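Just so you know, these numbers come straight off a predicted model, no measurement behind them. As the structure lists them, so they are numbered: ligands from 1, and atoms in each ligand from 1.
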Amino acid sequence: MDHKPTRRQILFAIGATASVSLLDSPLSLFKHAEAAQPLVRRDIGGMNASDPILVSYRKAIATMKALPANDPRSWAYQAAIHGSFVTPVQTAWNTCEHNSYFFWSWHRMYLYWFERIVRRFAKDPCWALPYWNWTAVNERQLPAPFRDPASELYVANRNAAMNAGTGSLSAGRVDYSPAFSLTNFVSASGALEGTPHGAVHVDIGGWMGKVPTAAQDPIFYLHHCNIDRLWNLWLAQGGGRSNPVGDATWGTRTFTFFNEAGTVVQMTSCEVLRAAQQLRYVYEGEPPQVNQHCRPRIVVPPFTFTKERFMIPPIPPITLNSDQTSISIDLREVGPRLRTFMSGTTDKILLELEDVEAERAPEAVWDVYVGLPENVTLTSESPHFVGSVALFGSGIRSETRHKFLPARFIFPLNRALVPSLERNAEQLSVIFVPQGVLVEGKPLPPDVKSPVRIGRVGLVVEREQESGGRKLKE
Ligand code: C2O
């Protein structure tokens, strides 16, 4: 590959250094004696149970579990900040952001304050969370130290095969390349929230499978560290990828957490843009972090995105259950337009599933294949695999707290569409295959607890335009 910066990267770099913001000045809390060097969040792969990182984590978990439940630093309270079935609801409970463009930043803040609390109770001032890099082929099993029933890291209610070490995540569950192909922050974060994020939650199962209980499982924080690391990696790809730093709501909405003294703290997305500088951590093995700044004076971000739902096929609601389900989208009319979109390099075609819901948590995942020619074996290594439907965070009626919100999924289609367009196919197949975790290389048959209903299917084109990142005239 050629390493000359592209015009877009140059534009972006110019934008990024244009002004220093008042919004993202360092947190005053840093007057704590923290190491000047960023701490390193290490890969759990290859760490054994006696690694000081895991010893400290276990020690802190035991201490946090022994605190009274109304102490905001207790294990139960921290988990309830993410979600809880318990009432009455206390300060900051149930505040996780899902199906929202705060998904990445809220979870970053959450991990950050949690990590400080663990550090304090482990009495280990250099402690940093490890991350579970499930995409690596040798890390598809639940990390071994979390499978020892005698350990604080163990949770009995997880998927039995995952807990036994016989189960592993399939390649499709952990494939973030479709999400990474998207350049628009909202779409990339939304696609990634589905696959791998939600799919891995559901595959681990038990507490991890449901938002109101997920953060009670110690593996939650390692899973989310990896999601957080992927935020850095997504930005590092360049090509116009940027946080919505020009969006005032995104940058300035405050969220509530607790510090290691048990005191309420507030944080905004603008305060967590640059992990190494603002939060003093980096990930082991990551490329240099892209340092973004909230720039109140920039009104035009370097790129703007427009979305057009150019086709809503007349398909009745789809029900996903333990059988494979397929639908067919008529391409005869939209074929020519699709071809025009595909001939550009920046237009992204998305399959959108809307009004997705289930009565209870289905505890199952459906892999989605698009444009698969007949008689081809389904494998998630195929270019026709576009992601998974795994309900987590919204769309589950029995988990509704305030107002019911159906789920929405988007799948980038550019790669999967090519063969169908090349052969002028009249129909485009979309196949939903329920698949459990892999045992001895084969997916376990799904045990669907509740069918999933998809209300509407649409084809969307997302177009990217250079806007130059101009600053507002002063
Ligand atoms: Cu807020 Cu992975 O969950």
Side-chain angles (χ1 to χ4, degrees), residues 41 44 75-86 89 92-115 129-135 142-143 146 155 157-159 162 169 173-176 179 186 188-232 234 250 253 255-258 267 269 272 356 361-363 365 387-396 399-402 405 407-409 437:
R41 290 186 176 173
I44 181 91
W75 188 258
Y77 199 111
Q78 282 293 305
I81 291 177
H82 186 264
S84 177
F85 284 123
V86 176
V89 168
W93 281 20
N94 298 322
T95 52
C96 69
E97 288 285 332
H98 286 268
N99 242 330
S100 126
Y101 72 170
F102 294 109
F103 171 69
W104 261 332
S105 59
W106 186 88
H107 287 84
R108 173 169 287 183
M109 300 172 204
Y110 180 56
L111 293 183
Y112 172 74
W113 294 108
F114 172 82
E115 187 179 52
L129 272 163
Y131 65 92
W132 177 19
N133 182 12
W134 18 248
T135 305
L142 190 68
F146 290 75
V155 168
N157 61 27
R158 297 179 188 131
N159 175 292
M162 291 306 285
L169 303 167
R173 294 294 202 276
V174 293
D175 185 1
Y176 55 81
V186 179
S189 142
L192 190 110
E193 187 183 337
T195 314
H197 166 258
V200 172
H201 268 287
V202 175
D203 270 358
I204 297 171
W207 283 336
M208 268 290 273
K210 300 184 175 83
V211 168
T213 53
Q216 293 183 56
D217 188 330
I219 197 67
F220 173 95
Y221 302 91
L222 282 74
H223 172 49
H224 266 279
C225 258
N226 201 37
I227 296 294
D228 187 62
R229 188 180 68 98
L230 293 177
W231 183 8
N232 291 352
W234 175 78
W250 186 79
R253 176 169 310 164
F255 296 100
T256 301
F257 301 90
F258 290 88
M267 217 179 207
S269 300
V272 300
V356 184
E363 298 181 25
V365 180
S388 309
V389 172
L391 281 187
F392 182 81
S394 43
I396 301 171
E399 289 174 19
T400 305
R401 291 184 302 246
H402 320 293
L405 247 189
R408 174 174 170 271
F409 292 87
V437 301

Colleague: Would you kindly say whether Trp93 and His82 are connected by a side-chain donor-acceptor distance under 3.5 Å?
Modeller: no
Colleague: Within rounding of 10°, what is the angle whose vertex is atom 1 (Cu) of ligand 1 and whose arms end at NE2 of His107 and NE2 of His82?
Modeller: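 So the angle at the metal works out to 110°.
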Colleague: Please determine whether His98 has a backbone or side-chain N, O or S atom lying under 2.8 Å from atom 1 (Cu) of ligand 1.
Modeller: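 Yes - counting backbone and side chain alike, His98 has an N, O or S atom under 2.8 Å.
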Colleague: Is there an N/O/S atom in His201 that lies less than 2.8 Å from atom 2 (Cu) of ligand 1?
Modeller: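 Here the distance criterion (N, O or S atom, under 2.8 Å) is met by His201, so yes.
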Colleague: Stepwise, does the side-chain hydrogen bond (donor to acceptor under 3.5 Å, both in side chains) test hold for Arg108 with Asn232?
Modeller: CA-CA 11 Å; Arg108 173 169 287 183; Asn232 291 352; 2.8 Å; yes
Colleague: Examine the side chains of His98 and Glu193 and answer whether a donor and an acceptor come within less than 3.5 Å of each other.
Modeller: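 Checked: His98/Glu193 side chains pair up, N/O donor to acceptor below 3.5 Å.
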Colleague: Any N/O/S atom, side chain or main chain, of Cys96 closer to atom 2 (Cu) of ligand 1 than 2.8 Å?
Modeller: no
Colleague: According to the interplanar angle, ranging from 0 to 90°, do the rings of Phe257 and Tyr110 count as parallel (below 30°), tilted (30 to 60°) or perpendicular (above 60°)?
Modeller: tilted
Colleague: Counting backbone and side chain alike, does His197 bring an N/O/S atom below 2.8 Å of atom 2 (Cu) of ligand 1?
Modeller: yes
Colleague: Would you call the rings of Trp104 and Trp234 parallel, tilted or perpendicular, taking 30° and 60° as the class edges?
Modeller: tilted
